[in-house]
Amino acid sequence: MKISVFGTGYVGLVTGACLADVGHDVVCMDVDEAKIEGLKQGKLPIYEPGLDAIVERNTKEGRLHFTTSPEEAVAHGSVQFIAVGTPPDEDGSADLQYVLAVAESIARHMDDYKVIVNKSTVPVGTADKVRDKVRSVLAERNADIPFAVVSNPEFLKEGDAVNDFMKPDRIIIGTDDAEAEKLMRRLYAPFNRNHERTIFMDIRSAELTKYAANAMLATKISFMNELANLAERLGADIEQVRQGIGSDPRIGYHFIYPGCGYGGSCFPKDVKALARTAREVGYVPELLDAVEAVNETQKQRLFHKIANHFGGVDNLRGRTIALWGLAFKPNTDDMREAPSRTLMEALWQAGARVQAYDPVAMDECRRIYGERDDLVLCEDKYSALNNADVLAICTEWRTFRAPDFEEMKQRLKTPVIFDGRNIYDPEQLREDGWKYYAIGRGETA
Ligand code: UDX
């Protein structure tokens with residue numbers, strides 16, 4: 001099938017490359033010439049394990065093309081994916097200008113039936129706006145061309161996006177058009193080989209499903225973080241509690257890991273956006289507000305623990321804190337809403353310095369914060385410890401899981417770890433002479 005994808009950001013590129021990999025003929029369009037030029041030469045604008053090989057293979061074999069020409073992209077596909085960004089507006093709501101600009105461009109250039117698929121995460125009701133936009137442009141053109149608008153939200157996890165796309169738990173398709181349903185069924189047939197994963201529903205329900213999934217997952221995390229804070233005060237160990245409740249299949253083991261808060265491009269944005277949508281229709285979303293508030297507090301937890309350890313915020317001036325992990329989670333260089341940022345910014349505010357190491361996010365950190373005296377980005381995890389007072393951990397990268405603790409002790413001024421991801425055994429560390437602060441595991445600070 002011929003497919004066009006507008007937007008070669010995270011979602012667009014994964015979608016385009018994976019659809020090409022199962023045999024579809026894909027054109028990816030972006031207005032950013034440098035990005036398209038880079039992609040033509042196999043340079044990816046994002047870090048995503050496995051994606052570069054798929055892009056390279058499909059470009060070479062002629063199933064994946066890149067262009068900056070909207071005419072070319074519109075002419076190519078019978079299915080047109082909109083996968084452009086929806087950054088938060090000044091007031092926090094999703095800015096739909098890029099989505100609607102693509103809709104307009106499709107309407108300007110189309111001359112036969114098109115299925116226009118919303119892949120970007122957009123508020124409920126956006127498909128109607130896209131439809132209105134296409135209709136009005138077609139009316140301007142005096143063109144009576146049939147089209148359908150479909151909602152097909154993505155459920156990709158950064159770092160595991162290729163796998164999520166290739167082996168999806170479910171494919172949600174919201175449509176009210178029989179022809180579009182047929183085409184979408186064909187498009188996704190290669191992903192349904194062992195069992196049916198496609199769930200068809202009405203457009204608004206599909207749009208809401210995306211928010212519902214992310215808000216539910218964020219709720220699980222905030223719930224666990226609240227319990228972790230409680231466990232600390234009660235002298236219980238949240239990691240044992242986690243296993244105790246996870247074994248109940250109604251609760252399950254997934255997404256109940258307590259930590260220094262959730263970050264990334266989805267959970268924070270989507271929980272806020274859903275709460276906003278609720279208010280717009282006159283509903284007070286008490287639970288969603290709490291999920292968000294608990295997370296904001298949780299992202300401050302490591303800072304407060306560090307400050308309390310030193311006897312107050314005032315005693316942080318002039319201290320050096322080693323920081324392992326900048327990305328909002330492992331296997332990505334993404335630092336959007338990362339707990340590491342909340343921690344670093346609070347430390348800087350208090351007059352402390354940060355010596356940080358992350359296996360892939362250091363360039364991203366440099367891009368965000370530039371050169372500053374109170375931030376040193378270190379070559380490896382051990383040199384980040386040199387003459388630092390204590391160590392804080394914000395991301396559970398594999399390389400941090402079994403470090404040489406003796407080496408660490410020699411480099412740090414004091415053997416103290418603030419672990420925002422509960423990756424070590426508290427008893428073992430205590431036995432080895434460490435002061436170990438984790439999340440919800442006995443040691444409060
Ligand atoms: C998420 C959804 O999982 C995905 O389905 C959706 O399409 C986009 O949003 P992503 O943001 O890439 O994906 O990362 P995810 O692995 O879900 O982690 C999000 C945040 O939650 C991370 O900061 C992570 O550290 C945190 N988290 C996750 C926890 O604190 N505890 C957990 O148990 C799980």
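No experiment lies behind these values; they were computed from the predicted model shown. First listed ligand is number 1; within each ligand, the first listed atom is number 1.
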Peer 1: Only pairs at least two apart or in different chains count here, so list each ring-ring contact (aromatic ring centres under 6.0 Å, His included) that has a residue in residues 189-243.
Peer 2: F165-F191, Y188-F191
Peer 1: For the residue pair Y357 and Y382, is the inter-centroid distance of their aromatic rings smaller than 6.0 Å?
Peer 2: no
Peer 1: Given ring-ring contact (aromatic ring centres under 6.0 Å, His included), test Y369 with W348 step by step and report yes or no.
Peer 2: CA-CA 12 Å; Y369 292 112; W348 292 333; 4.9 Å; yes
Peer 1: Taking only residues two or more places apart in sequence or in another chain, which ones pass side-chain hydrogen bond (donor to acceptor under 3.5 Å, both in side chains) with Q240?
Peer 2: D237
Peer 1: Heavy-atom cut-off of under 4.0 Å around ligand 1: list whichever protein residues fall inside it, by chain and number.
Peer 2: E154, F155, L156, K157, E158, K210, N214, I221, F255, I256, Y257, Y262, G263, C266, F267, F328, K329, R421
Peer 1: Holding to side-chain hydrogen bond (donor to acceptor under 3.5 Å, both in side chains), I want the full list of residues that pass it with N58, two or more places apart in sequence or in another chain.
Peer 2: D21, R63
Peer 1: Quick check: W324 with F418 (ring centres under 6.0 Å apart)?
Peer 2: no
